[in-house]
Each structure stands twice: as C-alpha cells, then as structure tokens.
Amino acid sequence: MSWSDQFLRTRSTGQDFASTHWSVVLLAGQEHSPQSAAALEKLCQAYWYPLYSFTRRQGYGPHEAADLTQDFFSHLLATKALASVNREKGRFRSFLLASLKNLLANEWNRARCQKRGGGVPLLSLDEEAAESRYQLEPVDELTPDRIFERHWAETILSRALDRLRQECDGAEKTRRFDEVKMFLLGEKGNHSLAGAAARLNLSLAAVKGLVHRLRRRFRELIQDEIAQTVARPEEIDQEIRDLFAAFGG
Amino acid sequence: MSSPNLCPVCGGALAASAPEGLCPKCLWASLLSPEAEDAADEPALSTGASAAPAAPEDSLGALGDYELLGEIARGGMGVVYRARQISLQRVVALKMIRTVRLPGEADMKRFRAEAEAVAGLEHPNIVPIYEVGEGDVRPYFTMKLVPGGSLADRLAHKSRCDACRNSPTARSDGGCADAQRTAGFIAKVARAVHHAHQRGILHRDLKPSNILLDERDEPLVTDFGLAKDLEADRELTLTGAVLGTPAYIAPEQAAGSKGLTTAADVYSLGAILYEMLTGQPPFRADTPLETLRQVMEQEPLSPSSIHGQADRDLETVCLKCLQKDPARRYGSAEALAEDLERWLRREPIQARRTSAWEKGLMWARRHKALTAFLLLALIAPVVIIAVLLVTDQKVRQERSAALESERKANLAARRAKAATKDALEAKERTHRTLYAADMLLADQALDQGNLALARTLVEAYRPTEAELSPDLIGFEWRYLWKQCQGAYLHALEGQSNAINCLGFSPDGKRLASADADGTIRVWDVDKRTVQASWSGLSGSLRRLRYSPDGNTLVVGSEEGTVDVLNVEEKQYLWTFRGHTPVRFLFTGNEIAVYDNPLPKTAMSNVKVFDWMRARETRSWPGLGDLEDVSPDGKVLVLSRAHPPVVELRNAGTGERLAILTNVPCNFLALSPDGQTIAVCGYQARELQLVKVHDQTSRVALQGHTGSINGLAFSPDSRLLVTASTDQSMRIWDVAQGREKARLLGHVDAVMDVGFSPDGRVIATAGKDRRVLFWPADYEPPRSVIISNVWPPLVLSPNGRILAARSGEGDKKNIALCDLHTRRRLELPESSDLIPEFFSADNGILFARGPVRSETLVPITRWDLAVPVLQAETTMLRLDSTNQVYGGTASPDGRYYAVNQVGVTTITLWNPLTGKVERQLEDHSVAWGLGSTLGFSPDGQKVVSLMWPNYLRLSSRSGFNNVTLTNVSRGIINHLVFSPDGTTIALASPDHTIRIWDASTFREVGVLSGHQQSVYCLAFSPDGRTLASCGGGGELKLWCWPARREVVALQDEGGPELHYVAFTSDGSTLLAGTWDGCVRVWRAPSLAEIDRQR
C-alpha cells in the first residue's frame, strides 16, 4: 500500500478511496448502476458553475449557456456516455471539459439533446444566481479553459470551506472560525495572531494551536474533495499543482 | 482591517464570490507552500492549543528530544536547524530531510541502515552524527554543531576580497588559502573521505558547502551519503536534474550511472582543489544542464591558464583527479592525500602530466563519428593502393592470397561506407537543426523588421541542384521567402552610397536624391533613369527640396550650409553658411532658415531670404528652432527645448498664433490642412500626434523599434508616413491614430520619406543605397478570406472547396465556398446536417444527418459535378442507440466510421452503399475536440484514441495498443498520420505535440512550444511541414524533418482557432477561427520563386 493510500485511510475522513464519487462512476462503467448515476449526479450538481462560465466565455448568452449546460448534463446522465471510460482512469475535470468542448463543437446537436432529455431539467441550476455571479467576475483576458479551471478550483475551495464551517458547530466555535479563518491564507498579511488572541480572549499559544488545527483540517477537506474527482489517490497532489496554475501561479 | 475588497496577503482584488471572503489564489497557494506542510508536521503545535506548553516565543517547536532554536541553512534537500537536545542540554545541528513525497516504509528502512553506518564513522575530520530519528512523518538526524561556517562561505568571501583587490589581508585569511595550506587542507579532507570509503560509504555529493570549518579552521566533512536516494527522488521529479551539485560531480555521476565508485568522490575532491587554486569550479555554465554537459564532454582549463601563479605540480594532481575516465584518476582518496603530502614535503609527485597524444586519444573517444570520418580519409587511399599492388603482382601466383586481400578490401570498403554513412547522417542532422534554427530566427527577424537578416538567413537555403537536403525546404521557407520580398512597387538602384534624403519636384515627374558622398541625382520618375547629377557638394546632406516653381533645388547639410542650385542647368545660385545645425523651408517666394551660433545655450535665430536674389528680408533673433511651414507659407512652426513647447507664428510678422505646451520635440511635421502636428520626441522612437486647436488631444504612435529619421504627411493630411533606422517604413492613419501598415523592403536604415505631390506614391531613401517607391494606398494582405463559416470545416481533396455550416443563429445550412472565386453556395434543406467529407475525386460531398429511429444514421450526398444539386440519402444501421458525435473517412473515401459514445467496436462502412466493410472489435474513440480517429494515408491502418489516454492501432496484421502514460493532463484533442504513413502526431492538452512511430508504436518525440492546449494538426502535402493550432490563438509551423518549431504565424492573443489544413498544392494554409472566419497564409511555389530570381 502506498503512502498516499495510508494517508487517506488514516488521516482523511476515513473513507475508502474506492467509494469516492468518480471512482464509483468509473468502476460502474457500462453497468450504469443507480449508485453510479447518483454519484455522477452529485458531481455534476457540484461542478456545474465552472461549465456554465466556460460556455459563457465562449460567447454564448446567459440563457443559451444555461440551456447548453443543462443539455450537457441531461445527455451525460441519460446516455451511456461513460461506458467508454471504463478501461483507463482519468480525471473527472478533464472528462467534463473535453465532453463539453465536444458538445459545443457540435452545438447543432442541441435540438436532439433536448429531445433525449425530454426537456426536463435534471439538475437544479439556478440560472439567475449563476448569471449574476458571472457578471460580477472581473472582466479579464482569461481564456475559457483558464476560466473553467479557476472556477473548478474555487468550487473545491468553497465546498471545503463550507464543510469546515459546518464542522465548527456552535456559536463559540463559529466565532472562533470567523476570527481565525484569515490565517488559512498564511500569516504574511496585516493580521496578527496576537490580535486574534486578544479578541478571542485566548492565549497566543492556544490561537496558534487553533490555527494549526484549522489549516490541517482544511487541507484534509481539500484533499477529500479532490479525491472525489480523480481516479487514483496519487493524482491528488498533481491536481492541486495543476489547478494552482489556473490562478496564474 | 484592510479594504474588504483587497486580499491582505497578495493585495489582489477580491471577487464578491470569493469563498468566505478569502482570496482563492492565496488559499490555493497555502496548499502548496512548504510552510503549510512544515506547520502540519510540527508536533509542538499539533498537540493542540490546550495542551501546548508555554514554549518560549523564539522556539520553533520541538521534535522528539529536541527543541528547534533556529534555521541555519535551507537547501534543495533539507533544512538544518540549530536545536537543543533537552535530555543532554547540548546544542546540536538537526537536519530534516525534505522530500516531495513522504517516504514509504522501504525508504525509511534504507535511510535508517545508511544512517547507522554513517553514525559509525569516527574520524577527526568528519562531523559526528549523534542520532537518527523519524519525526511525525519525516526522517531527521542530529550532528555536532560546527561553528565556523563552510568552505563555500570562505571561497565566496575570498572571491569578494579578490574582487575588491584586498589581497594582503585576504591572503592571511583562512579561506583565502595559499598553495601550501590548500594542499594540506585537501589532504586532510581526502583522508577523511578515504576513512569512509574503507567502511563502504560513498559521499556522492562532496562540495565546498559540505566541508565545514571549526574554530581552528580544521576541515570537517559532513552530509555523507545520507538519504541520497530519498533526495534523488526530489531532484529528479522537480528539476529533471541529476542528483548532486553539477559543478562538482564526476562525469559518470552526471551521466546518471548507477554503480558509482570511490573514484566519483576523488573527482569531487579534485574539483574542490581546482576551485581553491583558481577561485572557480572546473565547469560552470548558466544552467545546471549546460554545466552537466560540460562535465561530461569538455576538458577543464588548466588551473595555470586561469591563475598564472598556480603550481604546476599541484595542477597535475588536480587534473589527475578530474580525468573523465575513473580508471585514470587516483586509485583512492588516500593516494590523492599521499601525493599532496609528497608535494608538501617537496618530494616528486607520482601523478604525471597528460601527453598530447593521450589528449588526442581522449578527444577521439568522445567524438567517435568524426574520428571515424577523419581516419577514413587517411586510410582509404592506403587501402586502395594495397589492393592494386596485390592484384597487379601476386594475383597469378597466389590466387588465394589475392582473394583474401579482396575480402579484406571489401570489408574495409564496407566499414568505410558505414563510417561515411554515419558521418553523412550526422552532417544531415546538423544541417536540419541549423535550418530549423535559421528559419525561426528569420521569422523573428521579420517580426522585428530586420529584413536584411531575414533575407540572409532565408537565401542561405535557396535550393540549388548541388545543395544538400533539398527535401528539407517546406512551406515555411517559401512563406518566409515571400515575406522577405518587401511590398514596394519598384526601386531606383545602382547608387554607390547610402542615400540620405530625397524630394519630389512639384509636378511629381522628377525626384531628386542626395547621397552620403555629396552627390545629387535627379531621376525621371517614370523612366527610372538619372536625368542629371551634381557631385562635390561638401558636408553631409540632410535635407533636399524643390523650390515651388520646380526649377531650383535647395540642399541643407548637417554642417550648416544651405546650397541653392539648378542641377539640370548646372547653375550654382548661392550658399548660406550658418552654424550647426541648419534647416531651411520655403515660405512662398522666400526661404526661411534657422541657425544657432551657440547650440544648446541660446535660442536659434530665424532668417528669411528672398532666395532668388539671395537677400535677407527679415530676421528674428532667438525665436527658436524652425521646424515646418504651412503649405501656403504663411505660418511657421517652431520648437523650443526649455520648456518644451511648439509655437505657430505668422511668417510675415513673427507674431505668435498658438503655443502648444509640454511637447518635447526632436523634429516635427505640420499636416497640410494645418490641423495636426506629428512630433518626434527626444526619445527618437516616440511619435505623437497633437491637434493644433485642441492641445489635450494627443495620441502616441508606437511601433518603431529604431529611431525615426523622417516623417511626412500625405497631401490630403489623412496619412502620415515614418522612416526608421529599424529598416521599416510605417503608414499611420491620422484620424484613427493607429498604424495602418508596416512596410518592409529596405535592408538597412530608412533615412527619409516623402509623398509624391498627387499623394499616390511614397518614396523612401535607404542606407542600403536604394530609393524605393510604394503605393500610398497599401493595404496589408487580408488574411481573413471567408466569414460566417462554422465548424466542422471540411476541405475538398483538391483544396478548392470548403464545406461548412453557415447562417444565423440555430438556422445554419451547409455552404460550399470556392476558395479561388470566393463564391458561396448554400445547400437547401441542410440545416440539420453536418458536413463530413468529400470523395477522393472531389465530386461528392457527404454529410451526416440526425439519428433516426434511434439506430439509423442518414448519410446524405450531393454530386457536385451535375448542374442541379440533388441530395441522396443512405442509411447506416448502428448496433447501439448511443449518441453519435462525429465521423471520419479514410483518405480514399472508401471507408467511413462514425464515432459513437460508449461503443467499443468501430464499424467501417462504404459510404456510398451503406454496407459494412470491416469491424474493428474492442476499439472505440474517445471524445476529443477534433477527430481522435485516424486512417493511414494508404487506408490500411486505423488508429484511435480511447478514453482517456489509450492509443490503439489496427492494421491488417492485427492491432497494437499503448497507454499514453506520459500524457498527464486530459485527453488528446486530435491525431493525424504523416503523409508517408510512418508517424502519427497527437495534439495534446499538455501543450505538446507527441510523435509516435506507426510501425514500432512507440513515442519517438515530443514537440514543445505551445503555451496552451494543442487543438488541431495538419501536415503539408509534402510532409515537410506540420501546422498546429492551440489555445490562446497560437498557430505554429514545425519543420518535420528537424522536429523543430520554425515559424509562429499567430502568437498567443490572436483569434482562437479550431481548425488548420493545407491545400493539396501546398500553397496555402487555412485556419478556422471560433468566430466563424477562415484565415489563410500563402506561400509561392518553388517554380514561382525561381522565376523571380
């Protein structure tokens, strides 16, 4: 057993890698089991905004982009698109983007996609929220691929941070979380640990410990989120590095 | 709290959607930063806040029995801390091994075994290891803390001392050792290393920073062999470098050889000795890789050639250690120590100098092919003479001996042939690489406007009958050749000097030019012949104008003279002698000059002459530098430097009409309509358009990379032209304030520029001794030839017809576009169809329709040869209901395969009959951006890419499959066979093009250069050029024989492309953009190029 396997078993959420969403989808292959469908749906529900922003960036209007995203998922969920991915493993992110590009290149297939899905939306995509978020994005020179990768990374961050906040159950813990979450960025900024300690009425050592635990947990949650979208545990670190490139890093 | 919209760490703007209001980039960066990892592994903190002891504020935490006090050093492979061992209350050095991946059980076991062996070393010149431990997850060890720093620090200090020529004090300093001390020092180190060698431990990374110095400057070797395997992993994965420090490692270590011996350490000792003697390591290049190459291939310079005072015997010892062949070095580190000690005792050393013959032999070993070639040249005549002698004299008596000789001769001939072949191949290879490099340089030179360089590089490869590798020259050469031709109409040539200035006669029929030698020529513009000339004018002529009546020429020189002459009548009228510099302008029937007797200190005087009578009519002292005059002669434009202003004054009265402030001016031109002034600033490349009546309206014109020598407005004031030292002439649109065209044609600086009076022609004077004429209405060739064509684009085999979808919104019919006539024909009722391919004879277009009744795919075809197009449809029956997303046809149009989601059999149909021709089992196609199914040119092989990176090749003899393990990110976007069918090129999202051998089915090369994912590939019909388009709008040409990039047709930032193709005659490259356009790049044929010779 590799070190990464050990790490995931002992230090992450204790979950077996074989049960991560993308692994389930890949393992199911042609069998199209209810579990794999549910797993795929969960992934799609989580990662649709990066696809929406990619489509918008390609020049489609808000309605068109929402429709295309919806069509894309309908098609993905309704057909056996994943049957051909059963032999070798790949990343969910690469698969989605390649598939979407293909759909856009064949955009005239749209009418038929809708027919297949029966026009019934399979996912709950909040089109209005998505568009207002898209409108708030800084207008920059990013290519659609970069936009997609960046939003993918941001989705992972959001999901991990949401879980981290949920774990900080209770008023006092939430207050502590709010006070020290800044230090997840590192301690290079203007924020001093001493200031946070004073505000929380804790010793400096206690705040250091708190920050340390928060960072470690945050890291674990990020790894867990990424684990859901890759086929092998050793790909997690590579995915972290690849996605950092999306920020121009 | 800082502004809520800025990240407190990086200062970047925060989007409203930033998770928890935290900067996503910094959050992500925190996942990568080693600090985060280190923190996570620090047990002092991880024990939790409540249990954390009140550690002193300066403590970095604790590790087992050790409290970390501070960081001493940090390198690629570990961090060394000063630490206090709590149980023994002593201060030690603690080294934590850094690795990319955390070590597994096997790694740890090896580390422990090795560490224990090193801990067993007891020698006064070896840093003792105290303890080996494992932190939370990382191994560490502790050792004696040596206070005096390392030899590397001392050597650096010495070089600083030498740099500031502080040698007397430096000499007495321990680090700046003299020869005696150096020899003694290295001898001690060598004995310590030998001690380790005797116990089976190699150091493997001896270098000055691993030799520490104690209080008495005694050397202590540290970092023996420990954890090198773990570290090797890091070095290799992160930098691709070889373990060790390039400047000090032995050649066999640089070559990545596994079975290292003690000789590798002896080499490193020699390298350290070398640096102590000369102040620099034996090899040091800009990059580690280059250093490694030198270590393996070059001989070091002798120390005495660097440092004249180096002792010859010590030099011999040092160079013996640095021998490339381990067997030629000292047999042990002890032998080195002994020889050094002999030298110290002034006894003869045992090492001897390498003779010239040995040096030659060593050179020959490293250059086998060349040596074989040279030997062949020497031996071949001897062999031939021997054979002749044998056959002539002994053949009758000793037939058998003759036969034996013949056999030997044949053998020698065969060997000679093989050697010749090797040498020729090496030469060819070099030639190919040079060609590719030169084309890349030519492309860059054109980009920078350096036509002279580009032309030299391109012309060097012009094919001639005797030339090597005529099959090297591809589309890129012909394209670049065309770019090198320049866009001018014609040239006035045959002049022997650089031409400095020119001027058209008012009727536009004559043009006068003045060259650097002081010769003036008057040309007949239509006949392009010299009508008259005048030579012998003194000074460097800078400005030449016809008088308004066209009878007289006025010439101004750099030295301050203005000569008025009638060249055609050979009449000299008068001369004004001013001071440096002088400029003149016509104001109606008068001529105005400005002159500054005391340049830079006083303002210039402006004088006006009746030039016919050579009489001064009025003058204004100290008015400023005269720059231009309005066409009617009524307004003078003047400039001043302090403060930088431009003034407009009445030419009759000198009264000021307008002042433009803050306009730094080197020289300027007033537009004929009097509205705009073009100013060349003090920085000679700056150009500004300033509106006379609205000073706030200023536009900077940027583009020239060399200083601007001349500028002129068109008579209608719409255009401005500039001449520059950068060899280019540029046309600017005045109203829009932007560059309209950059014109190349001169192969040296362009000195002057002028419009013909009718504004139709521009003339330029060049340092290249030519005057060139250009069309004023020049438009750069339009690269976009078709718009409103949407993917997929399908080109007919003859390269004439492009089929694509065309129309507005969702309603798109298939359109056929004739690339020659640009005519377009829409196929009615085709809105639901996707164009797929043309038949091999170009006569039939096939299109795929939407799936009917789940398993039937209609294939519609139009016979393009008949006058009335009529669609005919064939049904292909699928086995599965899965979605169809594309199709591919074989080059001969005989087979057609649809790509279907999740189907693992590829069915090849006859598209005309709809019959199944072949089925390729267990063979599917992955989703890519383009086609990931390819037919070999002969149609015999099918290669497809299966999800996610699994390449399968089917041929008549069966199939091969290979997992593309090297493709780490995403799936391949497109694949294509080379026209000779031997190789397959894959467009990869990891920014590369991967090359596979179609017969051995192995990866044989990778082309790197794209900044983003590569989308689509196309080979030129001759197979010499590969075109690739990728993300960010990049479009590149690659020289296929050399496997190198040669031309960037579009850089990052161009319009995004999805398609590239060559026309079948190899004359045109087409690219499809995502906004529905087709761009073209054309190259003339070799025959056309030959005609223009």
Side-chain angles (χ1 to χ4, degrees), chain A residues 2-3 30 58 75 79-85 87-90 94-95 97-99 101-102 105-106 108-109 112 133 136-138 143 145 153-154 157-158 161 165 181-182 184-186 188-191 202 205-210 212-213 215-216 219 222 238 240-244 247 249, chain B residues 2 8-9 13 15-17 19-20 22-33 35-36 39-40 45-46 48-50 52 54-55 101-102 104 791-792 805 812 834 850-851 882-883 885-886 901-902 904 924 926-929 946-950 963 968-971 1012-1013 1031-1032 1058:
Chain A
S2 75
W3 169 80
Q30 274 179 305
Q58 285 282 20
H75 154 79
T79 67
K80 295 170 186 169
L82 290 156
S84 59
V85 305
R87 294 176 166 274
E88 284 292 325
K89 318 298 187 192
S94 318
F95 168 78
L97 187 59
S99 306
K101 280 179 176 177
N102 192 279
N106 294 271
W108 57 93
N109 280 348
R112 268 168 297 142
R133 177 174 167 193
L136 284 173
E137 304 276 358
T143 63
D145 285 50
E154 286 179 11
L157 288 173
S158 296
L161 283 170
R165 177 174 279 286
K181 68 182 181 189
M182 233 13 175
L184 287 175
L185 301 170
K188 296 168 202 151
N190 306 330
H191 300 260
L202 289 172
V207 172
K208 276 186 180 173
L210 191 63
H212 171 74
R213 285 198 303 278
R215 278 196 200 165
R216 192 176 55 182
R219 206 178 165 74
I222 289 281
Q238 187 59 43
I240 291 180
R241 282 193 289 274
D242 287 352
L243 282 173
F244 184 57
F247 292 107
Chain B
S2 60
V9 176
S17 58
E20 291 285 349
L22 301 176
C23 170
K25 180 178 179 174
C26 293
L27 267 180
W28 206 268
S30 79
L31 297 168
L32 289 169
S33 73
E35 289 93 309
L45 288 173
S46 66
S50 53
R101 64 186 169 90
L102 292 185
R805 296 178 329 111
K812 288 188 172 74
I834 300 150
V851 180
N882 291 359
Q883 198 212 335
Y885 61 91
V901 173
T904 52
S924 70
W927 277 15
L929 188 70
M946 299 163 77
W947 171 263
N949 48 18
Y950 193 59
T963 304
S968 56
R969 294 186 65 194
I971 62 172
Q1012 294 187 35
S1013 180
H1058 62 85

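Throughout, a chain's letter reflects where its sequence line sits, starting with A, and its residues are numbered from 1.
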Legend entry - Gap separating the CG atom of Leu157(A) from the CH2 atom of Trp28(B), nearest 0.5 angstrom: 5.0 Å
Legend entry - Matching residue for Leu31(B) among Arg219(A), Arg215(A), Arg241(A) - test: side-chain contact (heavy atoms from CB on, under 4.5 Å): Arg219(A)
Inset, instruction - State, yes or no, whether a side-chain contact exists between Leu27(B) and Ile222(A) at a heavy-atom distance under 4.5 Å. - result: no
Legend entry - Shortest non-hydrogen separation from Leu185(A) to Cys23(B) and the atoms involved: CD2-O, 3.8 Å
Inset, instruction - Hey, could you give me the CE/CD distance between Met182(A) and Glu20(B), rounded to the nearest 0.5 Å? - result: 11.0 Å
